[in-house]
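First up is the structure itself, then whatever we jot down about it.
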Amino acid sequence: MASDTAPVQHFIRQIVREDVESGRQPSVRTRFPPEPNGHLHIGHAKAICLDFGIAAEFDGRCNLRLDDTNPGKELPEYVQGIQDDVHWLGFEWAELRHASDYFEVFYRAAEKLIRDGKAYVDDLNADEVRAYRGTLTEPGKDSPFRGRSVEENLDLFQRMRAGEFADGAKTLRAKIDMASGNMNLRDPAIYRIRKQTHQNTGDAWPIYPMYDFAHCLSDALEGITHSFCTLEFEDHRPLYDWFVDHVDLAGHPELWQPLVEAGIPTAPSKPRQIEFARGNLTYTVMSKRKLTQLVTEGLVDGWDDPRMPTLSGARRRGFPAAAMRAFWERMGVSKQNSNIDFGVLEACVRDELDAHAPRRMAVLDPLKLVLTNLPEGHQETVEFPNHPKDESLGKRDLPFSREVWIEREDFAEVPPKGFKRLIPEGEVRLRGIGIIRCDEVVKNDAGEVTELRCTLDPETRPGGNATDRKVKGTIHWVSAMHAVAAEVRLYDRLFEVENPGDERDGKTLKDYLNPEAKRVVQGYIEPAAADAEPEAHWQFERTGYFVADRHDHRPQRPVFNRTVGLRDTWARKGR
RNA sequence: UGGGGCGUAGCCAAGCGGUAAGGCACCGGGUUUUGAUCCCGGCAUGCGCAGGUUCGAAUCCUGCCGCCCCAGCCA
């Protein structure tokens, strides 16, 4: 996948480039390793773009690996969702793997550590382990089972695998250093007993490897050269290296013989873990717990609700994948915790859509306008370019008639200062038609404006001799006779505050929800917008960028979602 | 006197001993049949603070200060 903007310099790019140029790592292999226990969100897109992007940039390969070492939390539906999201973002993996593909290798590797005196079976229960671990400032104590013989450990571990012991009764632990300042090195668990059906391996295993053990060895087995992960794993790096070095897959082919037999090409590497900061966004939340809460409490309409920061939500909202990629490229990669202004993402979305979205006209809050100097029943078609700057997007015919819908807010009886639209006795340009003058304002008994009666200046019509006469404003319209009624869902930011995850002061997510984040209106669109394919992006002139809803849109019953409004210096001034 | 990270503008972020890129936001101005787009200009005598080394320091050294992560048989 080619990059969408000039690459931004960052430390990971630099490290990889140096590794390639020096010949240390002539070929680059990376992986994106999500746990299939939830939906991917915008933050994950940063990792996806990094993992797949760096591989592509250096002519390397990137695997998609599902890190499925904790059965019970992981579901096949999530692995499908993850694949869909990665594809949507525009990436293709070299190989799809599961950590569970390597369970037999992990088991053999654990046995090797036991034989080497580097691992032991511990009978301490979870509470006892915690008590023995010490605290951040005090060293831990050795488990009384730490000194078991290799033979006993091997026997016990084999019986763990055979399913002889109950869940939690025993663990296999690495024998490292109970006094280490790094808690991860205080004899971390390698295997735990969990008699739980696994989504891939069924009931073949009563024991499952821990992340620290499985992840680094999976990387090595896949020949990964650069293993990118987030900052909180920085402390795990010594352990990552410890397992890779002590298991020494490259020097012990017998450990991964099962993969060879299964026809899985394997050439173990010495991968290097490099940590970077996650990217947070203002006005949203990214934590699985909070996202789940939004869905389960019905605060949104599901995981792909267009207000959700999930990738499926962003997609349904109409954020183009190219904009998502450009956004993360623009943001760079560093080791600083950040809270990125949501406006930057919106700016990327507008950049992309301004360049590529064809224009259409739609009226979301209709007010009838009659051109009294046109004959009753008058109708004609007017040719419009689909894009003001890109002729390759072609032209279309737009029906025009004596009665049109205009946007209610484009008329004001009492105009605020600086108002450039239609006022009584005033003139404005009807986009693509000509200059009209408002002669009469019709109201109902309640005093509400129900209709505007105007005259069109024929000299200002295309081909006339006053086409370039200047008026302050231009407004959009849809021919009433030809308009197609449409449901338009106006989305906005889900939360009203920059940090909705902030639960200090006893506030919760619900206190910060933006009640205006979803408004559904019935509007009128020009016929050429109604035939939209689901997921087609449009700019409705002067109102914003919209996408035909992926699931609900039908040409007979159009449904559009507002992706993001146009930049609006007028509305901003008013606030 | 636990360990590991990070401090450059409102938000991101480059910078790698030679005198503070870029983007978003914001403020001016120009073009415009979208109050959009586009274009031009402005926006850190300053790089957490204090010392030191150097002809020269955001970059090197020392000491402080602030923020983040770690005590799952989660990932």
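Residue numbers start from 1 in every chain, and the chains themselves are labelled A, B, ... in the order their sequence lines are given, proteins ahead of strands. Computed from a predicted structure; not experimentally measured.
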In whole Å, what is the span from the [atom1] atom of [X] to the [atom2] atom of [N]?
X	N	atom1	atom2	answer
Arg567(A)	C38(B)	CZ	C1'	11 Å
Ile15(A)	C16(B)	CD1	P	16 Å
Arg237(A)	C70(B)	CZ	P	17 Å
Ile475(A)	G35(B)	CD1	C1'	13 Å
Arg461(A)	U33(B)	CZ	P	18 Å
Met331(A)	C24(B)	CE	P	9 Å

Measuring to OP1 and OP2 of [N], would you say a side-chain N or O of [X] lies under 4.0 angstrom away?
X	N	value
Arg350(A)	U37(B)	no
Arg542(A)	G35(B)	yes
Thr137(A)	G3(B)	no
Gln336(A)	U8(B)	yes
Arg13(A)	A13(B)	no
Arg194(A)	C74(B)	yes
Lys470(A)	U33(B)	yes
Arg133(A)	G2(B)	no
Thr569(A)	A36(B)	yes
Thr135(A)	A71(B)	no

**Request:** Find which nucleotide of RNA chain B each of Ile340(A) and Arg192(A) is nearest to by heavy atoms, and output the residue with the more 5' nucleotide.
**Result:**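 The residue mapped nearer the 5' terminus is Ile340(A).
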**Which residue lies more 5' along RNA chain B, comparing Ala179(A) with Gly434(A) via nearest heavy atoms** =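 Its nearest nucleotide being more 5', the pick is Ala179(A).
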With a non-hydrogen cut-off below 4.0 angstrom, is [X] in contact with a base, only sugar-phosphate, or nothing?
X	result
Gly168(A)	base
Leu124(A)	base
Thr543(A)	nothing
Asn339(A)	sugar-phosphate
Tyr208(A)	nothing
Gly473(A)	nothing
Lys170(A)	nothing
Lys420(A)	base
Val333(A)	sugar-phosphate
His10(A)	sugar-phosphate
Glu35(A)	sugar-phosphate
Gln539(A)	base
Ser334(A)	sugar-phosphate
Phe419(A)	base

Quick one: the side chain of [X] and the base of [N], do they pair up donor-acceptor inside 3.5 Å?
X	N	result
Gln14(A)	C16(B)	yes
Arg359(A)	U34(B)	yes
Arg130(A)	G72(B)	no
Asp235(A)	G3(B)	yes

Side chain of [X] only, please: which of [options] is the nearest?
X	options	answer
Glu232(A)	C69(B), C24(B), C73(B)	C69(B)
Arg429(A)	G35(B), U33(B), C68(B)	U33(B)
Met210(A)	C38(B), U34(B), A75(B)	A75(B)
Gln9(A)	G3(B), G15(B), G72(B)	G15(B)
Arg431(A)	G35(B), C27(B), U33(B)	U33(B)
Asn70(A)	U33(B), A75(B), C24(B)	A75(B)
Val344(A)	C74(B), C26(B), C24(B)	C24(B)

**Prompt:** Taking the chi torsion of G30(B), is it syn (within 90° of 0) or anti (everything else)?
**Reply:**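 Anti for G30(B); the angle lies over 90° from 0.
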Is it the case that [X] and [Y] place a side-chain donor and acceptor less than 3.5 Å from each other?
X	Y	answer
Tyr120(A)	Asp187(A)	yes
Asn182(A)	Ser180(A)	no
Asn63(A)	Glu222(A)	yes
Thr230(A)	Glu232(A)	yes
Gln158(A)	Glu111(A)	yes
Thr381(A)	Asp397(A)	no
His215(A)	Arg31(A)	yes

**Prompt:** G2(B) pairs with which nucleotide, Watson-Crick or G-U wobble, both distances below 3.5 Å?
**Reply:** C70(B)
**Message:** Partner lookup for U32(B), please. Criteria are Watson-Crick or G-U wobble with both distances under 3.5 angstrom; report none if nothing qualifies.
**Reply:** none
**Asked** Short question: side chain of Thr135(A), backbone of Thr137(A) - any donor-acceptor pair under 3.5 Å?
**Response** yes
**Asked** Arg437(A) and side chain to side chain contact (heavy atoms under 4.5 Å, CB included): which partner among Leu456(A), Val428(A), Thr455(A), Leu422(A)?
**Response**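 When side chain to side chain contact (heavy atoms under 4.5 Å, CB included) is applied between Arg437(A) and each of Leu456(A), Val428(A), Thr455(A), Leu422(A), only Thr455(A) qualifies.
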**Request:** Evaluate whether the aromatic ring of Tyr211(A) and the six-membered ring of the A75(B) base sit under 5.5 Å apart, centre to centre, with an inclination under 30°.
**Result:** no
